Amino acid sequence: MRPDEYAAMYRVEDSHWWYVGMRHVADALLRQWLSDRGGDLRILDAGCGTGGNSAYLRAYGAVTGIDMAAEALCYARKRSGLALARASVERLPFRDGAFDLVVSNDVLCHLAVADDRRAARELARVLRPGGILYVQLPAFEGLRSHHDIAVHTVHRYTKREVGRLLTSAGLQARRVTYANALLFPAAAAWRFARKRDKPEDIERSDVHPVPAPLNTALRTALSLEALLIRVRDLPFGLSVIGIGEKSA
C-alpha cells in the first residue's frame with residue numbers, strides 16, 4: 001500500500017467501526033476454541049500492519065507480529081508489548097509448531113502474496129498440533145472496488161475457496177462463514193456506485209474517519225452480528241472467515 005494508507009490505518013484502527021466490530025466477530029468465533037487457554041497462548045499475527053489487531057490479541061497471550069511493509073512496522077513499533085519482524089507469510093522465520101494461534105487478516109489476498117496456498121501451508125507449518133489458524137479475507141469478487149485497488153487486493157474469496165485453502169494446508173476446517181452481513185446491502189450499493197468514479201479518485205481506500213454517530217451505529221451493528229455468528233454461519237457478507245485446526 002501507499003505510505004499514506006498506513007498512516008490512515010494507524011490513526012483510526014483503534015476506534016473505526018470496521019476494525020472494532022470485526023474484532024468482536026473474531027472474539028465470538030475464537031473463544032469457543034480457546035476459552036480454556038485465554039491469556040496463555042503463543043500467537044502470530046501474520047500480516048500485522050500497523051499493529052492494532054496485534055495489540056488486541058494480547059488478551060489471548062504473547063503476540064509476535066510480522067509484515068513485509070517497513071512503513072507498517074514503524075507504526076506497529078509504537079505499540080508496547082509486541083515482538084515484531086519483517087517477513088513474508090510465504091516464508092516465515094519460525095520453527096515448526098512455534099505458535100498456538102495464527103491470525104491472518106486480509107493478507108493472503110494481497111498483491112505481495114504470490115501463492116495463497118503456499119502461504120496457508122506456511123501458516124499451518126508454524127502451528128503446534130491442535131493449534132488454530134484464523135484467516136479473514138474479503139468476500140465476493142463482484143464487490144471489487146476502489147478500496148481493493150488502493151490496498152492491493154488481487155482476489156476476493158468465496159466460502160468454498162476459503163474452505164479449500166484450509167484443507168489444502170492440511171488443516172481441518174472447523175468453521176467457515178461470511179461476516180459483516182447486516183451492512184452488506186448498503187456497502188455493496190456504495191461500492192457499485194463508486195465503480196463510476198474517475199481514475200484519479202480510486203486510489204484511496206475506505207479507511208478514513210467517519211462521523212461519530214455513524215461510527216457508533218455501524219460498530220453496534222457488527223457487535224450485534226458477533227452475537228449471532230457465535231451460533232450460526234452467515235450466508236453472505238463483506239468478509240469470509242475460516243478457522244482451521246491442525247491435527248494432533
Side-chain angles (χ1 to χ4, degrees), residues 1 4-35 38-39 41 43-61 63 65 67 72 75-76 78-82 101-107 109 132 134-139 143 145 147-148 150-151 153 175 177-188 190-191 204-231 234 236-243:
M1 294 192 296
D4 60 333
E5 288 290 344
Y6 290 115
M9 182 187 300
Y10 181 75
R11 284 195 299 268
V12 304
E13 66 176 333
D14 291 334
S15 59
H16 191 276
W17 67 271
W18 169 264
Y19 293 104
V20 176
M22 292 305 286
R23 288 172 197 144
H24 289 166
V25 169
D27 273 332
L29 291 170
L30 283 173
R31 287 195 182 279
Q32 60 184 303
W33 299 102
L34 305 174
S35 58
L41 301 175
I43 303 164
L44 175 64
D45 187 359
C48 64
T50 57
N53 281 334
S54 297
Y56 136 77
L57 287 167
R58 287 180 302 189
Y60 290 99
V63 181
D67 204 284
Y75 289 105
K78 297 181 180 182
R79 303 178 186 275
S80 61
L82 302 178
L101 170 66
V102 175
V103 176
S104 181
N105 289 335
D106 297 326
V107 174
C109 57
I132 294 294
Y134 179 98
V135 58
Q136 173 186 303
L137 291 161
L143 291 179
S145 72
H147 177 81
D148 298 293
V151 300
T153 296
R175 188 87 185 270
T177 179
Y178 291 107
N180 203 343
L182 293 177
L183 302 176
F184 182 87
W190 166 253
R191 290 200 168 192
R204 187 184 180 204
S205 75
D206 289 334
V207 179
H208 53 78
V210 297
L214 178 60
N215 193 63
T216 299
L218 295 174
R219 186 176 64 234
T220 300
L222 266 180
S223 298
L224 291 173
E225 184 174 296
L227 298 176
L228 177 61
I229 210 169
R230 283 182 183 178
V231 295
L234 302 181
F236 55 85
L238 296 174
S239 292
V240 57
I241 295 169
I243 295 177

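The shown structure was predicted, so the numbers you read here are calculated from the model rather than taken from an experiment.
Residues L222 and L218 fail the side-chain proximity criterion, which asks for heavy atoms closer than 4.5 Å. Here the side chains of R11 and Y75 are not in contact, with every heavy-atom distance at 4.5 Å or above. Side-chain contact check for I229 versus R175: some heavy-atom pair is nearer than 4.5 Å. Residues N180 and W18 form a side-chain contact, since some pair of their non-hydrogen atoms from C-beta on lies under 4.5 Å apart. Using a 4.5 Å cut-off on side-chain heavy atoms (C-beta onward), R79 and S54 make no contact. Contact check for Y56 versus D27: side-chain heavy atoms found under the 4.5 Å cut-off. Counting heavy atoms from C-beta on, the side chains of L224 and L228 never come closer than 4.5 Å. Inter-residue side-chain proximity for V103 and N53 is flagged as unmet; no heavy-atom pair is nearer than 4.5 Å.
Within the model, atoms CG of L82 and CG of D45 stand 8.5 Å from one another, a figure rounded to the nearest 0.5 Å. Remark: L57 CG to N105 CG distance equals 8.0 Å, nearest 0.5 Å. The distance from atom CG of L137 to atom CG of D106, rounded to the nearest 0.5 Å, is 6.5 Å. Going from atom NE2 of H24 over to atom CZ of R230 covers 10.5 Å, rounded to the nearest 0.5 Å. For the atom pair L234 CG and F184 CZ, the distance stands at 12.0 Å (nearest 0.5 Å). Taken from CD1 in I243 to CG in L29, the straight-line distance is 4.5 Å, to the nearest 0.5 Å.
By the side chain to side chain contact (heavy atoms under 4.5 Å, CB included) test, L182 is found to be paired with E225, residues two or more places apart in sequence or in another chain being considered.
Nearest heavy-atom pair across S104 and A46 is OG-O, 3.3 Å. Among all heavy-atom pairs drawn from V240 and P138, the shortest one is CG1-O, 4.2 Å. Closest approach of E13 and G52 over heavy atoms only: OE2-N, 3.0 Å. Pairing each heavy atom of A181 with each of F236, the nearest pair is CB-O, 3.1 Å. Residues G47 and D67 approach most closely at C-OD2, 3.4 Å, considering heavy atoms. Between S15 and R219, the shortest heavy-atom distance links the atoms O-NH1, 3.9 Å.
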CA sep, side-chain torsions, deciding dist, call: Y134, I43, side chain to side chain contact (heavy atoms under 4.5 Å, CB included): CA-CA 11 Å; Y134 179 98; I43 303 164; over 6 Å; no

Test log, rule side chain to side chain contact (heavy atoms under 4.5 Å, CB included), inputs T50 and K78: CA-CA 9 Å; T50 57; K78 297 181 180 182; over 6 Å; no

